[in-house]
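This report concerns only the one structure given below.
What you see below is based on every heavy atom in this structure, not just the backbone, and it leaves out hydrogens, waters and symmetry mates. Within every chain, numbering begins at 1; the chains are lettered A, B, ... in the order of the sequence lines, protein sequences first and strands thereafter.
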Amino acid sequence: MPLEKTYSAKENETKIYKLWEESGFFNPDNLPGDRSESYSIVLPPPNVTGTLHMGHAAMLAIEDSLIRYQRMRGKKTLWLPGTDHAAIATQEKVEKQLYKEKKTRHDFERADFLRLVDQFAQESHDTIVSQIKRMGASIDWSREAFTLDAQRGQAVFEAFKRMFEGGLIYRGERIVNWDPRLQTTVSDDELEWREEKTPFYYLKYGPFTIGTARPETKFGDKYVVMHPDDKRYTEYEHGQKLELEWINGPVTATIIKDPAIDPEFGSGVMTITPWHDSTDFEIAQRHNLDKEQIIDSQGKLLPIAQEFSNQHISKARGKIVEKLTAKGLLEKVDQNYLHRVAINGRGGGLIEPQIMEQWFVDVSKEFELPHSSLMGIKAGQKTTLKKILQLVVKNGQIKILPERFEKNYFHWINNLRDWNISRQIWYGHRIPVWYRSTDAHDRQNGTPSDSRGVEMKINLASPGEGWEQDPDTLDTWFSSGLWTFSTLGWPNDTKDLENFHPTDVLETGYDILFFWVARMVLMSGFLLGEVPFKTVYLHGLVRDEKGAKMSKSLGNIIDPVDMAEKYGADATRLSLIIGNGPGNDLKLSEDKIRGYKHFANKIWNATRFVLMNTADLDLKTTPTYSATQQENLVALKSLTAAVTDDIENYRLYLAAEKLYHYFWHQFADKIIEENKVIIKSGSPQEKQAAQWLLLEILTTNLKLLHPFIPFVTEKLYQALPNKKAPLLMIEAWPLNQ
RNA sequence: GGGCGAUUAGCUCAGUUGGUUAGAGCACUUGCUCGACACGCAAGAGGCCACAGGUUCGAGUCCUGUAUCGCCCACCA
């Protein structure tokens, strides 16, 4: 069938995707030929919070290029899709909707609320799947997973159980980042800091002057801390008691000497509020000091504040300052103080640190691995999660690209504290711990429960009468940390696990190196004694043409599906690959995408020309090439070698650009033009050689281009008289041919 | 405060381990509707490669410093 005069990407792309899907070749089990070597990538699961953006499209373009290349190289190639329930982010979306109707989740039964979230998640999921398909992802839908489905739930339970039994998961009182708005804790990594100008108060505390931006937390302050070497305060001794007048009357203060205090700041003296400040908490821990809660989980003052009790801190602050002034305790106020406040990066609530009972993963506790393929850690040898995280990257068992991110990674590990894995939200994996007691787990006011004398069981379902499940859910990264192997059937011993784990490449954005990449290394290390992947390829953020983050509020979003409809998924993909090395942010404009649409059109027309002019070529003949033509073929070979080398070394941007340049400015502009003349006016033998040459170079180019621009190349391959495979997708890569 | 990155044509960026006259896309100028393609062809203009030193036979590329922009981490009550 002759090719249409003009190429319609939109029409072709849906048809071609169907053809691929129906072939079954997305599934490695169906791939033809002897494929002893396997290759696998798990898709970083998009959050079911809405739709895909250009960053996702870039991820799909890069991963699909790698996958298609490896499939053509003859490997048993698996690309495994899935989505992430994204606990807090998804719940927040639904709660926002409810808020518009003046409702909160607490107006619903837990199960009913969860049904609403599930419904929302299902809709998002369906949209996302159709978007992934639209981009041409050659991904194995038969293995699709969801972080919250039954199989993954099994994996989460097993992981929790093993870590608990290994002593790595513990429950403890710690200072956590509490979000009073969403009524949940937030991990350190998920905080966002905002600079604010707030009044800074200098208060008289006995003979000292202390500074604070938050006078409303100061009611219980009874420790006054200074640096042990501060010469101004040598007359005071550690542990010394002082009687002094404070906000609500006289208090007995105790002097504490601690090196955490910066003598240069203010007067070099401060009082501490261990319950609501992490630095203060640490000082209190070091010296075994009392801790007292001042603010409840709603952000209201507790009875210790006396007449201010039950008032919200935001309202009480002014009145407290008035009282301090009246009592003569306020020395001065700095109105231009710049203060940094933490907010919940997943929802926007202002963080109020609180001491609470939470579940943690201990990153420094020693344990032994029953099996280990980790370099430098033998089975039975003592190690820690922190050590595993460090070692596998240090010794190159995991390679991070670009390399400079390895530094960031080590820095993060050096500062790593125990991982708080419990969240007080409803959507997600519920902590599989059951208690038998009545008052053991009352966290109504954020009051820690007393777990002594309480029976506890790790179980997926209720162990029976009288048992109550921990109300908290797990941090979403707990389940995504298992992703490389939970998707392959773990904890069962499956063929997939054996074949495809560790995976070859993890390709994701550099912004989740710590959240996710590190957690996967941790989980896989502990549970399997393996690395989860051999190479980490980090891509950058996709920004608009001015370099601004794409966001709904800025209205500068370029939607990948819109672009695919307008210019083709092929063009959209190329625009996301060319000119973008790993780890660099990409500035994207519609002009760039349009440019690559022109390229698809060029390929189309050049192929049309070759087909028209080789219609009378007898494929049983053997050409005798001229010297120039032989040189052309040598150049083609070296192009193939260079492109192969680039892809093997993750320089996709170079590979694609070389191909672009060669096809257009070498093949179309020069080689076709030279041989056009020969075909028209050469001898029959010369004509035949020219025809063969064009067909050969074209065929090789379609193969080389296919990983990057799969739709148009597949469509054209189908029209070639000399095609060897049913689909270009499973053709052999032209190296050594 | 610590770390990382960027700075190359009007704009967006390549330039892989240092090696001839520094490249591409878009935009621009001129000429082409000749049977693959005007989503095109041909020709062309446009660059003290941020700045200052240094290493080298040779530096956009390596080293040192400076400036501007951006990002990450930590944090002072």
**Message:** Rounding to an integer number of Å, can you tell me how far A:Leu3 CG sits from B:rC39 P?
**Reply:** 20 Å
**Asked** How far does the C1' atom of B:rC28 sit from the matching atom of B:rC11, given to the nearest Å?
**Response** 12 Å
**d(OH, A:Tyr510; P, B:rC72) in whole Å** = 7 Å
**Prompt:** Quick one: is A:His598 getting a side-chain N or O under 4.0 Å of the B:rG25 phosphate, OP1 or OP2?
**Reply:** no
**Prompt:** Aromatic ring centroids of A:Phe200 and A:Tyr202 under 6.0 Å?
**Reply:** yes
**Asked** Say you pick atom C1' in B:rU29 and the same atom in B:rG46; how far apart are they, in whole Å?
**Response** 11 Å
**Item:** Nearest to side-chain heavy atoms of A:Ile261, which nucleotide of B:rU16, B:rA77, B:rG25
**Value:** B:rA77
**Message:** Would you measure the distance from the P atom in B:rC76 across to the matching atom in B:rA67 and give it in whole Å?
**Reply:** 28 Å
**Request:** Using the P atoms only, state how far B:rC49 lies from B:rA9, rounded to an integer number of Å.
**Result:** 10 Å
**Prompt:** Between A:Tyr409 and A:Phe514, is the ring centre distance below 6.0 Å?
**Reply:** no
**Item:** Nearest to side-chain heavy atoms of A:Phe514, which nucleotide of B:rC72, B:rA74, B:rG25
**Value:** B:rC72
**Asked** So, for A:Tyr567 and A:Tyr596, is the gap between ring centers shorter than 6.0 Å?
**Response** no
**Message:** Check whether A:Asn613 reaches the backbone of A:Phe609 with its side chain - one donor and one acceptor, N or O, closer than 3.5 Å.
**Reply:** yes
**Prompt:** For A:His339, which contact category applies under a 4.0 Å heavy-atom criterion: base, sugar-phosphate, or nothing?
**Reply:** sugar-phosphate
**Request:** Grab the CG-P distance between A:Leu588 and B:rA14 for me, whole Å please.
**Result:** 14 Å
**Request:** Flag the pair A:Phe219 / A:Phe308 as yes when their ring centroid distance falls below 6.0 Å, and as no otherwise.
**Result:** yes
**Message:** Among B:rU16, B:rC39, B:rA14, which nucleotide has an atom closest to any side-chain atom of A:Glu657?
**Reply:** B:rA14
**Asked** Contact class for A:Arg340 (heavy atom, under 4.0 Å): base, sugar-phosphate, or nothing?
**Response** base
**Request:** Give the stems involving RNA chain B, where a stem is 3 or more consecutive Watson-Crick or G-U wobble pairs (i with j, i+1 with j-1, and so on) under 3.5 Å.
**Result:** B:1-7 with B:67-73, B:10-13 with B:23-26, B:28-32 with B:40-44, B:50-54 with B:62-66
**Prompt:** Which part of the nucleic acid, if any, lies within contact of A:Lys5, taking any heavy atom under 4.0 Å across all strands shown: a base, the sugar-phosphate backbone alone, or nothing?
**Reply:** sugar-phosphate
**Message:** Applying a 4.0 Å non-hydrogen cut-off, can you work out what A:Lys218 is touching in the nucleic acid: base, sugar-phosphate, or nothing?
**Reply:** sugar-phosphate
**Asked** In whole angstroms, how far is the C1' atom of B:rC4 from the CD atom of A:Glu406?
**Response** 14 Å
**Prompt:** Taking atom types as they are modelled, is there a donor-acceptor pair under 3.5 Å from the base of B:rC39 to the side chain of A:Asn601?
**Reply:** yes
**Pairwise P distance, B:rC4 and B:rG47 [rounded to whole Å]** = 35 Å
**Prompt:** Between the base of B:rC26 and the side chain of A:Lys592, is there any donor-acceptor pair under 3.5 Å?
**Reply:** no
**N/O donor-acceptor pair, side chain A:Lys597 with base B:rC39, under 3.5 angstrom** = yes
**Prompt:** Is there a donor and acceptor pair closer than 3.5 Å between the side chain of A:Glu673 and the base of B:rA36?
**Reply:** yes
**Prompt:** Using atom C1' of each nucleotide, how far apart are B:rU20 and B:rG25 to the nearest Å?
**Reply:** 26 Å
**Prompt:** Roughly, in whole Å, what's the span from NZ in A:Lys670 to P in B:rC37?
**Reply:** 21 Å
**Request:** Pick base, sugar-phosphate or nothing for A:Tyr660, based on heavy-atom distances below 4.0 Å to the nucleic acid.
**Result:** sugar-phosphate
**Asked** Does any non-hydrogen side-chain atom of A:Ile62 lie less than 4.5 Å from one of A:His539?
**Response** yes
**Request:** Confirm from the modelled atom types if A:Arg608 and B:rC37 form a donor-acceptor pair under 3.5 Å, side chain to base only.
**Result:** no
**Item:** Whether A:Asn177 side chain and A:Val186 backbone form a donor-acceptor pair below 3.5 Å
**Value:** yes
**Message:** Looking at A:Gly299, is its backbone amide N or carbonyl O close enough to the side chain of A:Trp178 to form a donor-acceptor pair, meaning the two atoms are under 3.5 Å apart?
**Reply:** no
**Request:** Would you mind telling me which of B:rG25, B:rG5, B:rA42 lies closest to the side-chain atoms of A:Asp669?
**Result:** B:rA42
**Request:** Report the nucleotide, chosen from B:rA36, B:rA14, B:rC73, that has the shortest atom-to-atom distance to any side-chain atom of A:Asn415.
**Result:** B:rC73
**Message:** For a 4.5 angstrom cut-off between non-hydrogen side-chain atoms, does A:Ile256 reach A:Val224?
**Reply:** no
**Prompt:** OP1, OP2 of B:rA14 versus side-chain N and O of A:Asn584: anything below 4.0 Å?
**Reply:** yes
**Asked** If you check every side-chain atom of A:Ile672, which of B:rU16, B:rA36, B:rA77 has the closest atom?
**Response** B:rA36
**Prompt:** In whole angstroms, how far is the P atom of B:rC76 from the OH atom of A:Tyr337?
**Reply:** 9 Å
**Prompt:** How close or far is atom C1' of B:rG40 from atom OH of A:Tyr596, stated in whole angstroms?
**Reply:** 18 Å
**Prompt:** Which is true for A:Ala668 with a 4.0 Å heavy-atom rule: it touches a base, it touches only sugar-phosphate, or it touches nothing?
**Reply:** base
**Asked** Would you say a side-chain N or O of A:Lys676 is under 4.0 Å from OP1 or OP2 of B:rC34?
**Response** no
**Request:** Considering just the side-chain nitrogens and oxygens of A:Lys407, establish if one lies under 4.0 Å of OP1 or OP2 belonging to B:rC4.
**Result:** yes
